[in-house]
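Note that these values count all heavy atoms, side chains included, but never hydrogens, waters or copies made by symmetry.
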Amino acid sequence: MSSRTLPETETPFRIEVSDDKIELLKKKLALTTFPDELEDAGRDYGVPLADIQRLVSHWKDGYDWRKYEKELNEELPQFKRDIDVDGFGTLGIHYVHKKSEIVGAIPLLFVHGWPGSFLEVRKILPLLTQTAKDHPSFHVVTFSLPGYGFSDAPKKKGFAISQYAEVGNKLMISLGYNEYVTQGGDWGYAITQRIAKLYGGKHSKAWHSNFEVAAPGQAPPRLFTSPWLYLNNLITPLKPADKAALERTAWFAKQGRGYSEEQSTQPQTLGYSLADSPVGLLAWIYEKLVNWSDDYPWNDDEVLTWISIYWFSSAGPTASVRIYYERKNTDAASNSATDSTRKAPIPRGVSRFPKELMIFPRLWTRTPDLVFEADHESGGHFAAYEKPVELVGDLRKMFGKGGPAFGVVKGNDGYQANAKL
């Protein structure tokens, strides 16, 4: 019996930024006033002036948005549909949906975070939908989170993690995927975790992430909150990789979290700069692309395409940062911010990359629902973009034959005899 139900009709979507918006961007770039910079500052004070001057010059005079707009439209099957969100009305949701040639492929919902977008699915999409006898294939869906990319933004306060989860679940059901699995990092971790808690068992059958958070009292383990884990931790020496992970986590806590404090407390104030200044937006996000990745060789066109999606987004870039405020305030007020203290009722998998922003020793994050884990020697926060082969390889191991989550979606195990091999 298949997990699919009859899908609703899909409405195709194409990215079509107007000439007026492109011309206005170039005018704003031409009027840029750059700040001064201290001698030998490097990256100690933030993004180097020379980097931003080079990128701005290229954005204004060399970068061809139309080229990449065309590529995205040709590579990614895009659609838009209305999703009713309880208490928030109807939102137009932009999404990518590519089916495998295997009828019984595994439905997978990929969820991005900040400062990402639907663009992060670009490299893993052809790998996930690939057909072969030795690994499973997936039907892949990803959506622009409300307020990101070409999705509508909520107009009312309080649109928090549960609402993003509701959108993802309702989108999958509307596409005929009554049962599915999920993958995500960054906010994608929080959203897919919430999907697991709210819709796990009935709809969401397993979830995988390249990000994980230790429960309160477990980082490090404390005697009165996790006595067994505390004692086990005392007699289990940390491995070199664990020590490096804690150093990375400490670096982020001390030197990398300033953006989060601002976005969690006064997002509207920051939003004026992001909405009006393309250079301000560029510097704000480019800093994270470099600092959060593992020596990934970003080229200027990659960076500018990434930023342009924010600049040309339907709601504008300010809408994308409000999720931080709602997580801190709305989720906290509803006593749901500490998701890590409540085990999701479905199997969980994790892929760890050494330059993720927060990484903890395995002992600290293991929970009974964890059925798959993989550690990699390189890679950072943007795993789907930096390490697509490794990430997809982990998903194939987790959901493939012999894997701990094989066959979790009824009638869709990823292997079908009618595949066009």
Side-chain angles (χ1 to χ4, degrees), residues 1-15 71-83 92-112 117-145 149-151 167-184 188 192 195 199 203-208 384 388-389 391-396 398-401 403 405-421:
M1 180 178 177
S2 173
S3 65
R4 296 208 64 182
T5 57
L6 186 65
E8 299 175 17
T9 302
E10 293 190 274
T11 303
F13 177 88
R14 289 179 60 83
I15 306 171
E71 286 185 4
L72 291 173
N73 284 329
E74 290 177 348
E75 288 181 26
L76 303 178
Q78 299 170 73
F79 306 90
K80 197 165 185 180
R81 74 167 58 235
D82 289 342
I83 299 290
I93 300 300
H94 165 255
Y95 66 97
V96 173
H97 181 201
K98 186 171 183 179
K99 299 178 183 178
S100 166
E101 292 180 344
I102 295 180
V103 175
I106 305 165
L108 182 145
L109 176 65
F110 172 80
V111 185
H112 71 81
S117 70
F118 69 95
L119 182 66
E120 291 182 79
V121 82
R122 190 176 186 183
K123 295 181 181 181
I124 62 174
L125 191 63
L127 299 174
L128 287 169
T129 56
Q130 186 181 78
T131 61
K133 295 180 180 179
D134 60 347
H135 64 68
S137 185
F138 299 82
H139 298 309
V140 181
V141 178
T142 189
F143 65 107
S144 294
L145 298 178
F150 304 104
S151 287
V167 170
N169 183 63
K170 285 183 173 179
L171 175 61
M172 292 300 282
I173 293 173
S174 73
L175 294 175
Y177 301 124
N178 193 53
E179 296 180 2
Y180 58 88
V181 301
T182 66
Q183 203 291 320
T192 56
I195 288 174
Y199 312 108
H203 297 298
S204 179
K205 294 297 182 176
W207 63 299
H208 177 278
V389 173
L391 184 64
V392 171
D394 290 346
L395 289 169
R396 289 171 176 170
M398 178 174 173
F399 294 103
K401 291 179 179 178
F406 173 67
V408 291
V409 177
K410 296 177 183 177
N412 293 77
D413 63 8
Y415 301 88
Q416 286 288 341
N418 60 349
K420 299 176 183 178
L421 298 177

| request: Classify the ring geometry between Y180 and H203 as parallel (under 30°), tilted (30 to 60°) or perpendicular (over 60°). | output: parallel
| said: Let me confirm one number: the OG-CG distance from S151 to L145, rounded to the nearest 0.5 Å. | reply: 7.5 Å
| request: Could you tell me whether the side chain of L175 reaches within less than 4.5 Å of the side chain of Y95, counting heavy atoms only? | output: yes
| query | Going by atom types only, do S100 and T129 share a side-chain donor-acceptor pair under 3.5 Å? | reply | no
| query | Is a donor on one side and an acceptor on the other found under 3.5 Å between the side chain of N412 and the backbone of A105? | reply | yes
| For residues E10 and H97, is any side-chain donor paired with an opposing acceptor at under 3.5 Å? | yes
| query | Taking the six-membered ring for Trp, are the ring centroids of F13 and F79 within less than 6.0 Å of each other? | reply | no
| said: Once salt bridge (charged side-chain N to carboxylate O under 4.0 Å, His left out) is applied, do any residues pair with K170, and if so which ones, sequence neighbours excluded? | reply: D86, E166
| message | Donor-acceptor pair, distance only, cut-off 3.5 Å: does the side chain of H139 make one with the backbone of V103? | response | yes
| Stepwise side chain to side chain contact (heavy atoms under 4.5 Å, CB included) check, V121 with V140 | CA-CA 9 Å; V121 82; V140 181; 4.2 Å; yes
| Under 3.5 Å, side chain of K80 to main-chain N/O of F150, donor-acceptor pair present? | yes
| task | Check whether the ring centres of H112 and F118 lie less than 6.0 Å apart, and answer yes or no. | result | no
| field | For E71, all residues meeting side chain to side chain contact (heavy atoms under 4.5 Å, CB included), sequence neighbours excluded | value | K67, Y68, E75, R122
